[in-house]
Each structure stands twice: as structure tokens, then as C-alpha cells.
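Below is one structure, written out as C-alpha cells; the observations come after it.
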Amino acid sequence: MSFPLLTATAALPAVGAIATAAVPAAQRTAAKWLALLFSLATLVLAATVAVRFDPGGDRYQLTESHAWIKDFGVRYELGVDGIGVALVALTALLIPFIILAGWHDADPLETGSKRWRPTQGFFALILAVEAMVILSFEATDVFLFYIFFEAMLIPMYFLIGGFGDRAHEHGEQAAATQRSYAAVKFLLYNLVGGLIMLAAVIGLYVVAGNFSLAEIAEARANGTLDMATNTERWLFLGFFFAFAVKAPLWPLHTWLPNAMQESTAPVAVLITAVVDKVGTFAMLRFCLQLFPEASKWATPVILVLAVISIIYGALLAVGQRDIKRLVAYASISHFGFIILGIFAMTSQGQSGATLYMVNHGISTAALMLVAGFLISRRGSRLIADYGGVQKVAPVLAGTFLIGGLATLSLPGLAPFVSEFLVLVGAFARYPAIGIIATFGIVLAALYTLVLYQRTMTGPVKPEVSAMPDLRVRELVVVAPLVVLLIFLGVYPKPVTDIVNPAVKQTLSDVHKKDPRPEVEAAK
């Protein structure tokens with residue numbers, strides 16, 4: 001029996017979560033280092049998965065399959081395609097930076113405090129989320145996927161509600177109330193989506209007789225499983241609704257600004273750069289593969305919702321007073337681009353969407369983590385409380401600018417390539433949609449540059465005059481992310497080579513081919 005690499009990649013952070021939580025009370029620093037070591041070991045395993053994956057081989061590789069609940073046809077089945085490999089690698093890459101960035105976020109509020117347990121709990125919960133997200137990217141049994149899709153809500157709820165941002169203009173009590181509200185809102189939105197999906201999962205079992213993604217998709221392809229049109233559409237809607245909440249897609253997005261605003265910066269990155277990617281990934285893996293005809297039927301409405309998300313998120317980002325809420329609304333706009341690429345049903349669009357998931361994770365991490373360092377120094381999230389930072393902390397301001405330029409998809413930085421591919425793919429089949437979505441780029445430039453101008457330029461405000469520049473630990477967090485943004489902006493081939501075969505197979509599932517360019521015949 002071969003080594004279960006996929007299980008080990010997900011199990012290692014789970015073991016790390018248990019070990020971190022069990023560290024003795026007084027050993028807070030040991031708990032931090034233990035969590036970091038487990039996250040780095042997980043990164044090594046994720047890199048091994050990427051190295052062993054053959055883009056020209058079978059669709060799902062490194063597969064594992066074991067009987068689990070035989071009476072209901074539930075199996076423990078894992079496997080990764082190119083899209084899954086890319087997102088497992090992204091998750092494993094970001095978690096060590098999240099842990100390092102949040103090194104002091106769960107420290108006691110005052111010297112001699114007995115609040116020791118939250119420190120261990122904070123890092124244990126981060127590792128628990130990592131384990132569940134990785135299993136979600138690896139699961140090829142629909143029921144297994146559903147379990148971890150829902151289970152990750154529990155540690156996220158406690159990370160938002162129990163370890164929120166301490167920077168609040170109305171004091172600690174008001175901050176605790178807002179954190180509780182944001183955590184409950186996050187949980188309720190995602191639970192409702194999950195319950196609707198559960199009904200669809202049960203319906204799928206009634207129709208197909210099992211939960212195996214590969215078997216159901218094969219049966220759909222060879223005609224041995226023929227779903228009634230209305231049945232397929234209702235099942236698709238049940239799955240898509242849950243994924244649209246997680247993504248988040250307008251108008252199911254309203255939990256995200258609250259959750260990101262009240263979370264610490266590392267947890268905000270965990271939400272939007274890691275957890276939310278499960279929603280868009282699942283649209284590709286489950287919606288298109290299990291319900292191809294329903295996916296095509298719903299495409300016009302989904303494209304309209306995606307474009308609304310792009311423009312709406314960008315417009316609201318322009319008017320934000322709070323740094324974290326600005327990044328949250330910018331992320332809603334970016335997720336609109338990802339969903340647009342997925343449902344454009346072209347190879348350029350879906351390759352761009354997958355690449356966008358990776359690049360958005362890196363760029364959002366860079367911008368939000370630097371913003372977190374900035375907020376921790378000043379003690380305020382309000383844009384108006386800053387000014388002239390680049391004169392007293394030039395390295396902080398410079399890395400903040402690079403993260404912002406990546407967010408607006410500046411050529412030469414990673415998100416540009418993915419956004420360009422999405423727009424090309426959308427325009428090839430839906431020109432009007434592609435043209436409208438392009439305005440999102442203009443608005444992105446507006447909110448990013450206005451944010452930088454108001455916080456980093458101008459006269460130095462007295463409150464920031466003594467602000468220290470980035471420290472060594474913070475540079476270790478930010479520098480690799482900046483390098484990745486530049487490298488993937490200039491040379492995205494390592495990622496596209498992995499994801500492109502999976503994208504072609506996904507298009508084949510929905511019986512779509514790229515439209516031929518309309519070229520006027522030579523006279």
C-alpha cells in the first residue's frame with residue numbers, strides 16, 4: 001500500500017492543532033513555535049503533492065479510497081486534479097505567514113494576566129481550519145466534502161468572535177459586541193447555505209445511489225445516469241447557493257465585511273484568501289461536473305450576479321472609511337471576477353479564474369497583513385487617522401503600495417495575468433458582460449490609490465510621527481509574498497501548466513468548446 005500523501009497533508013495540521021492546544025499554560029511561546037513548525041511541515045507535504053502530480057496524467061491523482069459508511073455508500077475518497085493541487089499549495093503556503101503575522105494577536109492583554117488559554121487556542125484553531133480546508137480541496141466523495149465544508153465554520157466562528165481586532169474606536173466592550181455580531185452573522189449565513197446544500201446532497205444520493213464524484217460524473221457522461229431536467233436544476237441550485245454564500249457572491253455577501261472588519265488581520269486573510277476559495281473551487285469541481293446542463297441553464301443569471309459583484313464591491317470599496325472593510329469589498333469585487341471566469345465557459349476564463357484564486361490569495365495576504373501591522377501600531381482602522389506614513393516608515397509604506405498595486409492588477413504583478421485571462425475569456429463568449437466587467441479595473445485603481453494617498457502621503461500626523469518601520473518578523477512575512485507577486489506576474493507558467501489540463505476536462509464535462517474568433521474573410 002502506497003503512502004497516503006493526501007491524508008497526511010490534511011492530518012498533519014489536525015495533529016498540530018491538538019498538540020498546540022495541549023501545550024501547558026505557561027508555555028505560550030512554545031505553542032506558537034509548535035504551530036509554526038507543523039504549518040511548515042504541512043507546506044513540505046503540499047510541495048511534495050505538487051511535485052508528484054503529473055499534469056499530463058490521470059484527472060485525479062494520488063487517490064485514496066476506503067469504505068466508511070457502507071450502508072449509505074459513503075466512502076473516504078481523496079484525489080487531486082490540477083486545480084486542487086494549486087489550492088492545496090496556496091493554503092499550505094499562506095498558513096505559516098498567517099501564524100507569523102499573528103504572533104502576538106492572542107497574547108494576554110496585560111502583564112500577569114491569567115488569560116493563557118486563548119494563545120494556544122488561537123493557533124490551534126488556525127491549524128484546524130487549515131486541515132479542513134485541505135481536505136475540502138482533496139475530497140472526491142460528495143458527503144465527505146460536505147462534512148468538512150461545514151465543519152470549518154466552527155473554528156472560524158471562534159476565531160472571529162473570540163480573537164477579534166482590538167483596535168476599536170468605541171472601546172473594548174463595544175468591540176466584543178461587534179465581534180459577537182460578526183461571528184454569529186458569519187455562522188448563520190454559512191449554516192443556511194450548508195443546510196440547503198445538505199438537502200441537495202441527499203437528493204443527489206437518491207438519484208445516483210452513491211456519493212462518489214468520479215462514479216456519478218462517469219455515469220452522467222456515458223448516459224447510464226439520466227437526471228430529469230427539473231431534478232438536475234434543483235440539485236444544482238442547492239449546491240450553488242451554498243458555494244455562492246461561501247464565495248461570497250452578491251447578494252449573499254453581507255457577512256464578509258463584518259467578519260473581516262472585526263477579525264485580526266491574519267484571521268481576515270484566513271477568511272478571504274483561504275476559506276472563501278472553497279466556494280469558488282467547489283463551483284468548478286461539483287457544480288460543473290455533476291450538473292453540466294443545469295450549469296449552462298443558470299449561466300446567464302450567474303454572469304449578471306458576478307458583474308454586479310464586481311461593480312458593487314468596487315463602488316463600495318471607494319467609499320469606505322475603514323481599511324479592513326475596504327479590503328473586504330475589494331475582495332467581493334475580485335470574487336466576482338473569479339465567478340465570471342468560471343461561468344464564461346471558456347478555457348481562458350476558467351484558467352484565469354483558477355489562477356485568480358491563487359493570485360488573489362497572495363495579493364490579499366500581502367495587503368491585509370501589512371494593513372494589520374499598520375493598524376497595530378496606530379490602534380485604529382480608520383483611514384482618516386493616518387497620513388504621511390511613508391515619511392516615517394518607508395518600508396511599510398512601500399510594501400503596502402505593492403500589495404495595493406497587486407490588488408488593482410497592475411501589469412507585472414500576479415493578479416494582472418489572471419484578470420486579463422478572465423476578461424478575455426468572458427469577452428470571447430459574452431462581449432457585453434466583458435465590457436461592463438472592465439469598469440471594475442478602473443474602480444480598483446480609484447479605491448487603491450485613494451487609500452494609499454490618504455494613509456501614506458501628505459503631512460505627517462502627530463499620532464504616526466513615531467511609528468516604527470517593519471520589524472524583522474514582519475519583513476519575513478511580507479518579503480516572500482512580494483517576491484511571489486512579482487514572480488507569478490512575470491512567469492505564471494508553473495501554475496498554468498498544472499491547472500490547464502483540469503480546465504480542459506471541466507469544459508469537456510459541460511460539453512463546451514472555446515468559440516472561434518470571428519475573422520472577416522480576406523477579399
Side-chain angles (χ1 to χ4, degrees), residues 240 243-245 247-254 256-257 272 276 279-280 283-284 287-288 295-320 326-357 359-360 363-364 404-411 413-451 503 507 510 512 514-518:
F240 181 81
F243 303 152
V245 171
L249 177 68
W250 183 93
L252 305 171
H253 67 284
T254 60
L256 182 65
T272 190
D276 287 354
T280 47
M283 292 178 189
L284 279 165
C287 286
L288 298 189
S295 297
K296 290 186 285 188
W297 162 75
T299 288
V301 174
I302 295 172
L303 291 178
V304 170
L305 295 178
V307 169
I308 292 174
S309 287
I310 292 170
I311 304 301
Y312 170 87
L315 281 173
L316 264 67
V318 171
Q320 291 305 307
L326 187 152
V327 178
Y329 281 110
S331 290
I332 291 169
S333 181
H334 295 148
F335 275 101
F337 276 109
I338 294 171
I339 295 170
L340 173 63
I342 292 171
F343 284 90
M345 303 291 186
T346 60
S347 59
Q348 301 98 327
Q350 291 189 355
S351 292
T354 305
L355 189 59
Y356 212 138
M357 289 187 235
N359 292 338
H360 173 263
S363 63
T364 299
L405 293 176
T407 298
L408 64 83
S409 299
L410 183 77
L413 296 176
F416 169 76
V417 181
S418 44
E419 197 163 282
F420 178 78
L421 285 173
V422 165
L423 290 172
V424 168
F427 188 84
R429 200 179 292 279
Y430 305 100
I433 293 289
I435 291 170
I436 296 171
T438 305
F439 286 98
I441 302 175
V442 179
L443 293 171
L446 180 60
Y447 63 69
T448 300
L449 296 178
V450 168
L451 171 65
V503 165
L507 280 178
V510 292
K512 283 281 190 178
D514 288 330
R516 292 184 178 181
E518 295 182 6

Taking [Y]'s backbone N and O only, do any of them form a donor-acceptor pair with [X]'s side chain (distance below 3.5 Å, no angle check)?
X	Y	value
Arg429	Met345	yes
Ser351	Gln348	no
Ser333	Tyr329	no
Ser295	Cys287	yes

Please list all pairs passing the side chain to side chain donor-acceptor pair (under 3.5 Å) test where one or both residues lie in residues 303-312, with sequence neighbours left out.
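As it turns out, the side chain to side chain donor-acceptor pair (under 3.5 Å) pairs with a partner in residues 303-312, which skip direct neighbours, are His253-Tyr312.
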
Does anything in residues 413-426 pair up under side chain to side chain donor-acceptor pair (under 3.5 Å), and if so which pairs, sequence neighbours excluded?
Tyr356-Glu419, Asn359-Ser418, Ser409-Glu419

Measure the shortest side-chain to side-chain distance between [X] and [Y] over non-hydrogen atoms and say whether it is less than 4.5 angstrom.
X	Y	value
Ile308	Val304	yes
Ile332	Pro257	yes
Leu423	Ile441	yes
Ile338	Val422	no
Thr407	Thr364	no
Phe427	Ile433	no
Leu284	Phe243	no
Met283	Phe343	yes

Point-to-point distance, once rounded to the nearest 0.5 Å, from [atom1] of [X] to [atom2] of [Y]:
X	Y	atom1	atom2	result
Phe335	Leu249	CZ	CG	11.0 Å
Leu507	Gln350	CG	CD	4.5 Å
Trp250	Leu316	CH2	CG	12.0 Å
Leu408	His334	CG	NE2	8.0 Å
Leu340	Ile436	CG	CD1	10.5 Å
Ile342	Leu288	CD1	CG	7.5 Å

CZ of Phe416: more than 12 outside heavy atoms within 6.0 angstrom?
yes

For [X] and [Y], work out which heavy atoms get closest and say how close.
X	Y	result
Phe337	Ala437	CZ-O, 3.5 Å
Ala344	Leu303	N-CD2, 4.1 Å
Ala247	Ile339	CB-CD1, 4.0 Å
Ile310	Gly336	CG1-C, 3.6 Å
Leu355	Val417	CD2-CG1, 3.8 Å
Leu256	Ser331	CD2-CB, 4.5 Å

Tyr447: what forms a ring-ring contact (aromatic ring centres under 6.0 Å, His included) with it, not counting sequence neighbours?
none

